[in-house]
Trainee: 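Here it is, the structure, as structure tokens.
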There are 2 protein chains.
Amino acid sequence: MSFAAKGMAATAQDEAYRAILQDIRSGRYQPGERLIPETIARELAMSRMPVREAFQRLANEGLVLIRPNRGCVVSGLTIEEIYELFEIRSVLEGLAVRLAMPRFDAAALAELDDHLARMHRAGAAGGADWLSRHQEFHAYICGLSGRPKLIAQIAALHIAVEPSMRVWLHHVAQPAHATERQDEVVEAIRTGDAEHAEAVMRDHVLRTAPRLAEFLRSRGQAAGLSPTLPASAQL
Amino acid sequence: MSFAAKGMAATAQDEAYRAILQDIRSGRYQPGERLIPETIARELAMSRMPVREAFQRLANEGLVLIRPNRGCVVSGLTIEEIYELFEIRSVLEGLAVRLAMPRFDAAALAELDDHLARMHRAGAAGGADWLSRHQEFHAYICGLSGRPKLIAQIAALHIAVEPSMRVWLHHVAQPAHATERQDEVVEAIRTGDAEHAEAVMRDHVLRTAPRLAEFLRSRGQAAGLSPTLPASAQL
DNA sequence: CTCTGTATGAGTGTATCCACTATTACAAAG
DNA sequence: CTTTGTAATAGTGGATACACTCATACAGAG
């Protein structure tokens, strides 16, 4: 049996990756902040090299920007980029829920209700980890699609906007969990109509974007450091 | 003025990345083949390290699989994975064409026709580089969406299936360029109806998948080496 | 006081080196 | 002849070392 538990890092590079990812998601490393390999390496009791390779991975996911000879900075998102990510998420999650529809039996629906309940509880209790519950809700639906790459893509998109979402939820009086109508998504799923569920999910995802964008705009948060994009630009 | 031309590699690592990517796309490195850093490093007149980091990038894009302590192999796609990639591409390119619609003026439509013509010419002339022309056709449409990340994602998907496509086009008598009806897409764009264009693009993309899949199945090509997926699996 | 040139230091990219893992080939036992 | 244990080798992950780039601070000229 493989004794490396799922959450366990097999290699130093992986450990570095997880640690830095965590710190970006949580907001410990702010957009625009420069990440110095040596510092992080000392912190994790390893050398610079695995940290550098972790940077590479993060750069490919757009969380960090590496300019040659000029180091690695946490990449904030412009308003336009946030919109773009939500647009992409909307069609991908729409696809996911459509593909997941055949698998929604009674048990799955019950579990879905559980997720809803947990979310609402977290929202009522102050909303500190409402965001995590919300991501789990979406992840559960996507998971039922049975499409590994699709799931991973969507997860990456959630992670990319997470830092912005956190500051939003932290600073705003009327946060998402008060107005976001996830119930509509669940209702649509219950109808059994795949096309309908897809459309509702699309709308649901897109609805958050303008409010988040407005908030960031009001804070003047255009930390515009466009990340190096994943693949080669030209086909 | 920046004297580093766009296609120029600023760093050794980037050079390695481009070289290996090229060799995977072209089919020089076959799925399942093991990539030995030292060999490639010698070939490119550099040390192992930049090559290793290039591997990382390729792994993140799913083109290569790195198992700890067990090296780096070119990751072939299973039939299921190919279907999945086409599904994802269909919704993303559908989104792209929808967003691009407002920008289709007379000039853009003319250029689109140019692309079509070039494609048909390449197809008639034996189809050696029909695939590249086809990718350029799609890239042109996506480019008009003005969404950098969306464009990059789609490009990455095209690259991922490119090796399989190449063997298909090379081995089959009735290849895609004979039956793929790109004209329908252009026609739909001409109507000016964004929703319609999106639907047509979706269908267009999905149509290729089953035929490619059938071909690969007939060759028994289930080179099932599922790549390490981009982001963290759990949200 | 401002501007410009230089020097110093921090940080990056690459090469080399070392320790450990895995795989292969081979030999001895059954 | 097959099987199993062991040794040798190729290859991987990580650390250190070195050369080069960039940025900042400072000094001298205007």
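Each chain gets a letter, A, B and so on, in the order the sequences are listed, and its residues count up from 1. This is a predicted model, so every value here is computed, not measured. What's counted below: heavy atoms across the whole structure, side chains too, no hydrogens, waters or symmetry copies.
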Trainee: At the 4.0 Å heavy-atom cut-off to chain A, mark where contacts on DNA chain C begin and end, going 5' to 3'.
Mentor: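 Contact span on the strand: C/dG11 to C/dT14.
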Trainee: Return the set of residues passing side chain to side chain contact (heavy atoms under 4.5 Å, CB included) with B/R70 (not counting sequence neighbours), or none when no residue passes.
Mentor: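 Only B/R67 meet the side chain to side chain contact (heavy atoms under 4.5 Å, CB included) criterion with B/R70.
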Trainee: Identify, with sequence neighbours excluded, every residue that meets salt bridge (charged side-chain N to carboxylate O under 4.0 Å, His left out) alongside B/E53.
Mentor: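 B/E53 satisfies salt bridge (charged side-chain N to carboxylate O under 4.0 Å, His left out) with A/R52 only.
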Trainee: Run the side chain to side chain donor-acceptor pair (under 3.5 Å) test against A/E87 and tell me which residues pass, sequence neighbours left out.
Mentor: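 Per chain and number, A/E87 pairs via side chain to side chain donor-acceptor pair (under 3.5 Å) with B/R147.
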Trainee: Holding to side chain to side chain donor-acceptor pair (under 3.5 Å), I want the full list of residues that pass it with B/R202, two or more places apart in sequence or in another chain.
Mentor: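 Counting only residues at least two positions away or on another chain, B/R202 forms a side chain to side chain donor-acceptor pair (under 3.5 Å) with A/E198.
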Trainee: For A/R207, enumerate each residue passing the salt bridge (charged side-chain N to carboxylate O under 4.0 Å, His left out) test, keeping only those at least two apart in sequence or located in another chain.
Mentor: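 With neighbours one apart ignored, the set is A/E184.
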Trainee: Return a single string for nucleotides 9-19 of chain D, one symbol per nucleotide in 5' to 3' order, where B is base contact, S is sugar-phosphate-only contact and - is none, cutoff 4.0 angstrom on heavy atoms.
Mentor: --SBBBBBB--
Trainee: The criterion is side chain to side chain donor-acceptor pair (under 3.5 Å); which residues satisfy it with B/R28, sequence neighbours excluded?
Mentor: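 Counting only residues at least two positions away or on another chain, B/R28 forms a side chain to side chain donor-acceptor pair (under 3.5 Å) with B/D23, B/E43.
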Trainee: Please enumerate all residues that pass side chain to side chain donor-acceptor pair (under 3.5 Å) together with B/E80, with sequence neighbours excluded.
Mentor: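 In terms of side chain to side chain donor-acceptor pair (under 3.5 Å), with neighbours along the sequence ignored, B/E80 is linked to B/T78.
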